[in-house]
Amino acid sequence: MIKAVIFDIGGVLEKDTDEFAFRRMSKVFNRDVNLVRKAVEDIIPDFQVGKITNKEFFKRLASELKLEIPIKDWINLWRDTYVEGRKPYKEVEKLLVNLRNSKYKLAALSNTESPNAKFNRRNDRYKHFNVVVLSCEVGLGKPNPEIYKLTMKKLGLKPQECVFIDDKGKYLIPAKKLGINTILFRKSKQLKKDLKQYL
């Protein structure tokens, strides 16, 4: 019997801001978008699990892109880009509220950076969740199996009692291996249909 639904945030509950951010930085800094994408993707895994600080992340990014930009400007651009680029999926939000009202436990499981996490906490973006597991706060990231185990522990449930939803298939693989039911998110209508087989 399913007792909890676990949601990824970026790409499931709201529009993934990655490509928007790459294009914005490319335009602002006059650098090729593919160069920006590669620089961010090479460095961000350490940032998302707290191995490097905000300043260290942006310093390495500036070095990689050969830019002399004050750290404060980087941080402001990153924050403003995230705020502008994130678009909540309203149908998924409605589903979230319905699940909560139906007494299912809800968890957020997200690879994210500390500036984004702070923005979401300040704006009560996690208010519907019983459990919130963010990579930058726990020092673990998907697809490390330990972050899924931690989520199960915080929920107080067995893997087979949960459904995990993510828009990236590579993050569903470890969950499946642990016995968690999984759904690959493509759009809200599909998600509702796929969830029915579990609930």
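For clarity, every value in this text was computed on a predicted model and none was experimentally measured.
Once rounded to the nearest 0.5 Å, the distance linking CD1 of Ile9 with CG of Asp16 reads 12.0 Å. Taken from CZ in Arg125 to CD in Glu14, the straight-line distance is 5.0 Å, to the nearest 0.5 Å. The NZ atom of Lys142 sits 7.5 Å away from the NZ atom of Lys168 when rounded to the nearest 0.5 Å. Arg100 CZ to Leu106 CG: the interatomic distance, rounded to the nearest 0.5 Å, is 6.0 Å.
Applying the under-4.5 Å side-chain rule to Ile, Leu, Val, Met, Phe, Trp and Tyr, the cluster around Trp78 extends to Phe22, Met25, Val28, Phe29, Val33, Leu35, Val36, Val40, Ile43, Ile44, Phe47, Ile52, Phe57, Phe58, Leu61, Leu65, Leu67, Ile69, Ile71, Trp74, Ile75, Leu77. The hydrophobic cluster of Met1 has no other members, since no ILVMFWY side-chain heavy atom comes under 4.5 Å of it.
Asn54 pairs by the side-chain hydrogen bond (donor to acceptor under 3.5 Å, both in side chains) definition with Ser114, not counting sequence neighbours. With sequence neighbours excluded, the residues that form a side-chain contact (heavy atoms from CB on, under 4.5 Å) with Lys38 are Asp42. Under the rule for a side-chain hydrogen bond (donor to acceptor under 3.5 Å, both in side chains), the partners of Asn34 that lie at least two apart in sequence or sit in another chain are Arg37. With sequence neighbours left out, the side-chain hydrogen bond (donor to acceptor under 3.5 Å, both in side chains) criterion links Thr53 to Glu56. Take Lys15 and apply the side-chain contact (heavy atoms from CB on, under 4.5 Å) test, not counting sequence neighbours, and it matches Lys87, Tyr89. Residues meeting the ring pair (Phe, Tyr, Trp, His ring centres under 6.0 Å) test with Phe119, sequence neighbours left out: Tyr82. Evaluation of the side-chain hydrogen bond (donor to acceptor under 3.5 Å, both in side chains) rule for Arg121 yields Glu137 as partners, not counting sequence neighbours. Lys105 pairs by the salt bridge (Lys or Arg N to Asp or Glu O under 4.0 Å) definition with nothing, not counting sequence neighbours.
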Query raised in the report: Are Arg86 and Asn116 close enough, and set up right, to give a side chain to side chain contact (heavy atoms under 4.5 Å, CB included), and what steps lead you there?
Result: CA-CA 10 Å; Arg86 56 172 291 282; Asn116 301 358; over 6 Å; no

Report task. Test Leu195 against Leu95 for side chain to side chain contact (heavy atoms under 4.5 Å, CB included), laying out the working first. Result -> CA-CA 10 Å; Leu195 256 181; Leu95 175 62; 3.6 Å; yes

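Among all heavy-atom pairs drawn from Ser135 and Gly141, the shortest one is CB-CA, 3.9 Å. Taking every heavy atom of both residues into account, Leu134 and Ala117 meet most closely at CD1-CB, 3.8 Å.
A salt bridge links Glu91 and Lys94; the closest N-O separation between the charged side-chain nitrogens and carboxylate oxygens is under 4.0 Å. A salt bridge does not link Arg79 with Glu113: none of the charged nitrogens is closer than 4.0 Å to a carboxylate oxygen.
Side-chain heavy atoms closer than 4.5 Å link hydrophobic residues (I, L, V, M, F, W, Y) into clusters, and following such links, possibly through other members, connects Tyr104 to Leu13. Residue Val12 is grouped with residue Phe129 when hydrophobic side chains (ILVMFWY) are merged at heavy-atom distances under 4.5 angstrom, including chains of intermediate members. The same ILVMFWY cluster, assembled from side-chain heavy atoms under 4.5 Å apart, contains both Leu191 and Leu99. Under a hydrophobic-cluster definition in which Ile, Leu, Val, Met, Phe, Trp and Tyr are linked whenever side-chain heavy atoms come within less than 4.5 Å, directly or via other members, Tyr198 and Val92 are assigned to the same cluster. In the hydrophobic clustering of this structure, Leu96 groups with Val132; members are Ile, Leu, Val, Met, Phe, Trp, Tyr whose side-chain heavy atoms approach within less than 4.5 Å, directly or through other members.
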Output side-chain donor-acceptor pairs under 3.5 Å for residues 147-158, partner residues at least two apart or in another chain, one line each.
{"unit_1": "Tyr148", "atom_1": "OH", "unit_2": "Tyr171", "atom_2": "O", "d": "2.6"}
{"unit_1": "Lys149", "atom_1": "NZ", "unit_2": "Glu146", "atom_2": "OE2", "d": "3.3"}
{"unit_1": "Thr151", "atom_1": "OG1", "unit_2": "Ile147", "atom_2": "O", "d": "2.8"}

Identify every side-chain donor-acceptor pair in residues 176-189 under 3.5 Å, counting partners at least two apart or on other chains, and give the distances.
{"unit_1": "Asn181", "atom_1": "ND2", "unit_2": "Gln160", "atom_2": "O", "d": "3.3"}
{"unit_1": "Asn181", "atom_1": "ND2", "unit_2": "Cys162", "atom_2": "O", "d": "3.0"}

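Although no hydrogens or angles enter the test, the distance criterion places no donor-acceptor pair under 3.5 Å between the side chain of Ser110 and the main chain of Asp8. Side-chain atoms of Gln48 do not come within 3.5 Å of backbone N or O of Pro45 as any donor-acceptor pair.
Using a 4.5 Å heavy-atom threshold, the side chains of Ile165 and Val5 count as touching.
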